[in-house]
Amino acid sequence: MAAKRGTTVYLYELAWILPSFAIPVGMLVALVVTAFGAGVHLPGLERRIDPTKVAETAPFDKPGLVEIAPGQYEVRMTAQIWSFAPNEIRVPAGSTVHFWATSKDVVHGLLIPKANVNVMLLPGQVAHAEAHFDTPGEYLIICHEYCGIAHHTMAGKLIVEARR
Amino acid sequence: MTRSEDRLTAAFVAVALVALFGGVLTGFFQALEHAGMDVYPSTPLVKSYYHSLTLHGVLNVLVWTTFFICGFVPFMTTRALGRPLALPGVAWLTFWVMLGGFVLAAIPLLGNAATVMFTFYPPLKAHWAFYVGLTLVVVGTWLVTWNLALTWRAWRREHAGERTPLAAFMGLVTFAMWTIASLGIAAEMLVMLIPWSLGLIGGTDPLLARVLFWFTGHPIVYFWLLPAYMSWYTLAPRQAGGKLFSDPLARTSFILFLVLSTPLGFHHQYTDPGIHVGWKLVHAFLTFAVFFPSLLTFFNVVASLESGARARGGKGWIAWFAKLPWGDPSLAAQVLAMLLFTFGGIGGLINASYNLNLVVHNTAWIVGHLHLTVGTAVTLTFMGICYWLVPYLAGKALWSRRLAQAQVWIWFVGMIIFSNTLHRLGLLGMPRRTMIGAAAYVQPEWKALLPLVGVGASLLFLSSLAFFLNLVLTLVVSRAPAPAPAVPAFTEALSGADHAPAILDRWRPWIALAFVLIAIAYGPTLVRLALTTPFNTPGLRVW
Ligand code: HEM
Ligand SMILES: [Cu+2]
Ligand SMILES: [Cu+2]
């Protein structure tokens, strides 16, 4: 590339350039395969909402859990300092849960460890995330963005109940 | 070089070090809180965990880094060009503008009127002086760019056809890259936050603010890293007794940073609603592209160090490593910084990976990651630089070489414990930016690890104290040795500048290319947001 062709320095340079190029490309391929193959969903473009009128805007006027189809649930959730509404959710094992959420005041976060739910809740934006729950148990719902002095108290629970 | 320029560098570095001291102190408090010792009730100046964390972020990554860089990079660039800054008066004006900005921002910051974190996401609303002060700091960095550019032009007039000396080239790329990158934060401040905090406009928009913030917020990490790379490329190989392996490859990687650093900020916003996933994927691609110059740097620098170690009798594939001149604390600091940076780089790839990011975003993992990168690759390298720079500027011998040798290793060990623990806590779902000791939802498996955060942080704090003590005693106790302390000489290259393609020494094509990529990666989203954003979110002070 830069040193004279055929010299040792030239060969060494090549020996570095090639892997420097190949490693990111390989990782990128892995990423694309997993992103599409495994059907990972990132939050995307949904819709705006007037952040001062969340309580009057459907579906956030009635926060809660709705069964939209067998085994399919929708959570309509608002985040506000320093709580989630609803802050306790119960679904049977094997359910897919769609979260539709927004913030009424400052930026909050919605993190459910072990369920791959990780989304920011911005005033003015409706956020969407979905997750599938097979294993019964209690899952934490945590606000993971600084939202003021009592940020560490902002949490909820999602309980996956064993099917009888 | 004139003494006035040395004094200018000294002034910048002094402010930087004061900021770092505040930074490590607050960091130590935070870690103690995580480990179960809440010290905030007995710290009258620091009102809360979140007040502390805001001070920590601002002092460390906005003040310590920026002021050090604005002192160090012009110092290196003017030496490499062999001429003083074109506008010495403006250089001092720059210092006062930046110091004035810092003080202005520090007043509400210390007074708990700007407890909004260093990312200041609206609608959290800080006092206007915080935004205006930070903006003045950014304006100061533009003045540095201008001064460096004029200095280079003057050099070019006398050296037509020659390659720009490597260190100067790197200094110029650093500031050119940063100036382009800082347009995002400048727009956020000038169009949104400042008028809003002054009450001139009623509302704001969190999404647009975050897009503009991360436009600058990712490339700012290269603004911190490139000056460290500059030391790794142009000084460290010689400090190790070797030569730089390839000057043209070094230039190539810097040009790639200039071109690729900015159009990839959405990787900080993978989990944000309101941005099309297609654009997120484009930014993910570009993030992997910028990994290429990072790897080039890694290979080039390691091979250069190896040449030094072999010249000193080092043998084998790996064993040569032991033959580096470890007794030189300046070099030891930088080599250890590089070692930890390797892990930082691997972690960074995971963060950038679109899907894996869902596991780690905004968890303690990120805190572990950033202490390896800006907290060690950059900070420990700058500490290593201080070990020759401060003695040189003061004209005095370093107070204790022994203490310095111990200091860098304590940092290394402390950081391994601290960062490793935080990475693990992140994988276990522990959120960042959170007063964990007071949270109701702490899991038993987090509890088991949290004391280690305190152990690592205590070592880091101890190391910092050793660092500051050494510098202070250098100033007040040490004597002027004969000969006076010198600046390490620039490294020679095995494959030198004359092998570098001439196109690498031109600015316009690369800067134009950078803008084209930015227009592609950001243009459609920015235009859409500019046309549709209602600015209807009211500000809040909730701390
Ligand atoms: C004695 C050394 C240090 C200790 C003990 C320390 C400790 C910590 C702790 C415990 C946190 C916060 C965790 C959280 O709630 O998320 C943190 C955050 C952070 N630290 Fe450090 N730190 C140290 C040095 C540094 C240095 C040298 C830098 C950079 C130059 C740095 C940059 C940061 C940043 C950017 C954050 C994130 C702030 C935010 O979330 O807004 N730290 N540190
Ligand atoms: Cu929160
Ligand atoms: Cu980034």
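To find a chain, count down the sequence lines: A is the first, B the second, and so on, and within it residues start at 1. Side chains included, hydrogens not; waters and symmetry mates left out as well; all remaining heavy atoms used.
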Worksheet item: Hey, does A:Leu45 have a side-chain heavy atom less than 4.5 Å from the side chain of B:Arg528?
Response: yes

Practice prompt. Could you have a look at A:Val107, A:Thr153, A:Val126 and say which one has the most heavy-atom pairs with chain B under 4.5 angstrom?
Written response: A:Val107

Fill in: Geometric cation-pi criterion, B:Arg210 with B:Tyr121: 6.0 Å, 45°
yes

Fill in: Interatomic distance, A:Met154 atom CE to A:His144 atom NE2 [nearest 0.5 angstrom]
11.0 Å

Fill in: Part of B:Ala438 within contact of chain A (heavy atom distance under 4.5 Å)
both

Discussion item. Can you tell me which of A:Glu145, A:Arg47, A:Glu46, A:His128 forms the most heavy-atom pairs within a distance under 4.5 Å of chain B?
Written reply: A:Glu145

Discussion item. Less than 3.5 Å apart, any donor N or O on the side chain of B:Thr434 or A:His152 sitting next to an acceptor on the other?
Written reply: no

Worksheet item: Where on A:Lys114 is there a heavy atom nearer than 4.5 Å to chain B: the side chain, the backbone, both, or neither?
Response: side chain

Worksheet entry | Proximal component of B:Pro293, with respect to chain A [non-hydrogen, under 4.5 Å] | neither

Worksheet item: Most heavy-atom pairs under 4.5 angstrom with chain A, which of B:Pro206, B:Gly429, B:Pro431?
Response: B:Pro206

Worksheet, complete the sentence: Heaviest contributor of heavy-atom pairs below 4.5 Å to chain A, chosen from B:Asn300, B:Ile275, B:Leu540, B:Thr287, is B:Ile275

Item to complete: Look at A:Ala127, A:Ala150, A:Ala129, A:Gly124 and state which one has the largest set of heavy-atom pairs under 4.5 Å with chain B.
Response: A:Ala127

Fill in: Region of B:Thr533 in contact with chain A, defined by heavy-atom distances below 4.5 Å
both

Fill in: Heavy-atom contact with chain B under 4.5 Å, split by part of A:Val117
neither

Discussion item. Quick one, B:Ile436 and B:Leu450 - any side-chain contact, counting heavy atoms below 4.5 Å?
Written reply: yes

Discussion item. Please rank B:Gly437, B:Pro538, B:Pro534 by heavy-atom pairs under 4.5 Å with chain A and give me the top one.
Written reply: B:Pro534

Discussion item. Regarding A:Thr96 and A:Tyr73, do their side chains bring together a donor and an acceptor under 3.5 Å, going by distance alone?
Written reply: no

Fill in: Contact leader toward chain A among B:Tyr49, B:Tyr50, B:Phe291, B:Trp543, where contacts are heavy-atom pairs under 4.5 Å
B:Tyr50

Worksheet item: Do B:Tyr233 and B:Ser253 meet the criterion of a side-chain donor-acceptor pair at a distance under 3.5 Å?
Response: yes

Fill in: Proximity breakdown for B:Phe285 and chain A, heavy-atom pairs closer than 4.5 Å
both

Discussion item. What I'd like to find out is whether the side chain of B:Leu494 reaches to under 4.5 Å of the side chain of B:Ser246, using heavy atoms alone.
Written reply: no

Worksheet item: Relative to chain A, which segment of B:Asp498 carries a heavy atom at a distance below 4.5 Å: side chain, backbone, both, or neither?
Response: neither

Worksheet item: Using 30° and 60° as the class limits, which term best fits the ring planes of B:Trp214 and B:His268: parallel, tilted or perpendicular?
Response: parallel

Fill in: Pairs of heavy atoms under 4.5 Å with chain A: top-ranked of B:Met430, B:His361, B:His276
B:His361

Practice prompt. On the 0 to 90° scale, with breaks at 30° and 60°, tag the B:Phe213-B:Phe120 ring pair as parallel, tilted or perpendicular.
Written response: perpendicular

Fill in: Partner chain B: residue of A:Leu111, A:Ile112, A:Leu121, A:Leu140 with the largest heavy-atom pair count (under 4.5 Å)
A:Leu140

Practice prompt. Sort B:Val290 into side chain, backbone, both or neither according to what part of it lies under 4.5 angstrom from a heavy atom of chain A.
Written response: neither

Fill in: Contact origin within B:Gln443 toward chain A - heavy atom pairs under 4.5 Å
side chain

Fill in: Top contributor to chain A interface from B:Asn357, B:Val360, B:Thr363, B:Val277 [non-hydrogen pairs under 4.5 Å]
B:Val277

Discussion item. Any donor-acceptor pair under 3.5 Å linking the side-chain atoms of B:Thr115 with those of B:Asn112?
Written reply: yes

Worksheet, complete the sentence: Residues B:Thr537 and B:Trp196: closest non-hydrogen pair is O-NE1, 4.3 Å

